[in-house]
Amino acid sequence: MDPLRQDEFDSQACGSIAPKAKPCPRPKPGEAAGGCSFDGAQITLLPIMDAAHLVHGPIACAGNSWESRGTLSSGPSLSQYGFATDLTDSDIIFGGEKKLKDSIDYIAGRFAPPAIFVYSTCVTALIGQDMDAVCKEAADRIGIPVIPVNSPGFVGSKNLGNRLAGDALLQYVIGTGEPEPETDLGVNLIGEYNIAGEMWDIEKLMNSAGIAVTSRITGDARYKEITWAHRARVNMVVCSRALLGLAKEMESRYGIPYFEGSFYGAKETTYSLRQMAYLMNDREMERRVDRLTEREEARLSQELRPYRKLLRGKRAVLYTGGVKSWSVISALKELGVQVVGVGTNKSTEDDVRRIADRVGDDTEYIPEGGASRIIKTVRERKADIMIAGGRNMYVAMKEQIPFIDINQERHKAYAGYEGLLRLAKELTYSLANPIWKLAASPAPWDKEAPPYDR
Amino acid sequence: MTVNRRKKPASVNPMKIGQSLGAVLALQGCYRAMPLIHGSQGCSAFPKALLTRHFREPIAVQTSALQEMDVIFDANRNLEEALNLVLSKHRPDIIGIIGTELTDVAGVDYQNMLKTYKRERNMRGGLAFSVVLPDFRGSLESGFSSTVESMIDEMIQQVGHRGQRSMNTRQITLLPGSFLTPADVMELKELISSFGFEVIALPDISTSLSGHLLTGFSPLTRGGVPLDSMLQSLQSGLTIAVGGSMERPARRLHNAIGTPYKVFEGAMGLKATDELLHFLHQISGEPVPLRYCWQRENLLDSMLDAHFQFAGMSVLAALEPDHLYSVSGWLEELGVEQKALITSFETPLIAGMEREVWVGDLDDAEVLGKGADLWISNSHGIAGAQRIGAAFMPAGFPVWNELGAYMSVSVGYRGAMEWSNKAGNLLMQREADSRESSVRHR
């Protein structure tokens, strides 16, 4: 196996446009939060719905994590199966390669998937198993792609895992297939994982503007469509932090232009659609996009009116990773919600620049520090609502702060015009809920003056 | 009778859960505690997310955040750094250092390191212990009980040399197994204390993960048994362990300081509750409180009402060993066919069961339980239950498709009644659904 951590690798995973010498900051023991590279790789690849995803390692890596990500499927569900080689003591001592080989054969024979992704874990990386060789040998034998994903947890952060997964796609998947002749070639959506079905909203929009999606990388994807991703005309990078490197590599290898965009907020959505049409170099399509976005924006602003009235002047603290930190700010601004604090711990320098463009001077940046730090900001800045990931949800509940879940475990789709309306509704419901008053008022007997002097 | 395994190389839809998660769970039941997982970031992020999802509470846990080079050169440097930070920033009363497969395979000696650390820094007053829990052995249950055992070990060492022990015969140490919900632990505490005993539950998740409203957030655990109560528990006249896996910690107390113990393996259903109450009645000399006499009648009456519903039904249960044993005992009393019993790993209790048990995963459950009417397992089983057309009843860990699952009671007469009604209702609903669809398709 190649050395797992190269500085250049790391720095790209941190998302800067030009590779820099500075690697991702090392997580601080005793104060680290968030997932590992293994988690990141799975987040990127699990949305390939018809493939089998086999975790090579002891049970915890698969057993503690399967079915915990909010990506949805419109059909096949094999990727929702939890597969693990479930190594035991003796496998570790005598090497788990035989078990891995048998597991691959078993899955291929029983489920007949179009491809099998095999994930290494800390232990299998540590004992130096030649996973690549086993996978290659298995692929030749059973006649379907068996793709090694070398992203054990201890190489680094979730983001590095996203990036390593992207590398696996580049190395083993993209360019290995050709689209059917009648396929309408258009845009690859990179780094959009169909959380809560967001991809479907986006695709509907694109279709009504006449823009075809060539490959979904990887929300609600089928293995086959990723093999022909190199035939697309444009790449849109939805989550730049994770897979920007993939788009850059595809530009240099296949000459596909790319842009970074987002679908959070009406303005960003309109911009993204326009950018697609522009890069496709199709005047007719540009006109169609203009008509569509004009119509949608008008309709949206009509429907948003009652919510805007209620939300104007409300203050929010936003704590989320990467691209969402700035793109969600745009969405909130359109609703009249002021962002008074924003997390930057997982943002790149570009992200931070974009955040700065969008927020006022009195916004506090929260570089790191987890739950206590977020709450401090909420209190000091007198925020009305906290917008963060599921891990912090119950932290907010303990402090009785209205909360909206924005990360990958959530159940609500906020992308596109429909998504902005949904976000407005959710914000309103959350803020207007009677529970905040009820929980804040004491029991009647606690209100009484003490019967005697204590 | 027999423990079987289906022959297949890979685990498909695992029900097994890493041991270290069990350790984190055990420490949530101690006040101002911090579990510190010695492994890579994911080793703590996954348990944290999963426990949060199940209990709908913030979960206290930290990690030594090992990266590749740390493992190769000196993993304990990270642990030391983590300890320094946690101690200076949060001042926890209890620290549990939880080893993972990563540290185990790499051969990191963190137990010795902790000893040196404590000696060098002259750490007194708190409780700091370590426990070896690689994920390629056991499951949640064994991780939980090993952690309690290590905790007890450390308590004994801290207090042991202070000479004579005064026994308090009116005080009982309760060792609740990992499969009990916060509401179950509460129920057991009430049950035992209704006979005039003081109860110290170790650990006590009933006051930490039951949805308390202690305002404010803390990175340490809120609620749970405080350290002084824990140490005081060494004075107890008796240990009651619930769940076969808790026998080892109970025995540890017995061997070290002579506390007699009684293990209740099953905790569900009429007979198991009878046994517990009868025992408490005998050792206390107190009559069984009226409310439990009432509850017993309520249970029997509701079982009579429900028995039409259960007639001819078959049930599949896939649960952790102790839980499976308990649930199987309750199913026996309902008179249903136990189509398949599946568990995550083999324990002496499981090996001694009179029924056939399979060690396996939820995929095995699907194959072995084909044709079952009711499927009892954690929330991972929903899809499998759907595929074989069984009604799905969430139980065990993790449960995320139901609000308040952590507050459902399964022990005592009340728990058996709640479960019987719940299972009966699910079967009734399933019958109604199939009747409706057959009408529609005619």
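Protein chains get the first letters and strands the later ones, always in sequence-line order, with residue 1 at the start of each.
Only the side chain of B:Val71 comes within contact range of chain A, with heavy atoms under 4.5 Å apart. In this structure, the portion of B:Gln62 lying under 4.5 Å from any heavy atom of chain A is its side chain and not its backbone. Interface residue A:Phe38: only side-chain heavy atoms are found under 4.5 Å from chain B. Heavy atoms of A:Ser68 lying under 4.5 Å from chain B belong to its backbone as well as its side chain. If you measure heavy-atom distances from A:Ile93 to chain B, you find no contacts under 4.5 Å at all. Neither the backbone nor the side chain of B:Arg222 comes within less than 4.5 Å of any heavy atom of chain A.
Partners of A:Tyr106 by ring-ring contact (aromatic ring centres under 6.0 Å, His included), not counting sequence neighbours: none found.
Listed here is the closest heavy atom pair of B:Phe136 and A:Leu87: CB-O, 3.0 Å.
Among A:Ala62, A:Cys122, A:Cys61, the residue with the largest count of heavy-atom pairs under 4.5 Å with chain B is A:Cys122. Ranked by non-hydrogen atom pairs under 4.5 Å with chain B, the options A:Thr85, A:Leu54, A:Ile92, A:Val55 are led by A:Ile92.
Atom CZ of B:Arg137 is separated from atom OG1 of A:Thr88 by 10.0 Å, given to the nearest 0.5 angstrom.
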>> I'd like to know whether A:Lys398 forms a salt bridge (Lys or Arg N to Asp or Glu O under 4.0 Å) with B:Glu57, so could you lay out the CA-CA distance, the side-chain angles of the two residues, the decisive distance to 0.1 Å, and finally the verdict.
In response: CA-CA 8 Å; A:Lys398 284 283 159 249; B:Glu57 290 284 332; 3.1 Å; yes

>> salt bridge (Lys or Arg N to Asp or Glu O under 4.0 Å) for A:Asp102 and B:Lys7? Distances and angles first, verdict last.
In response: CA-CA 11 Å; A:Asp102 292 348; B:Lys7 261 198 120 47; over 6 Å; no

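Contact check for B:Leu79 versus A:Pro29: no side-chain heavy atoms found under the 4.5 Å cut-off.
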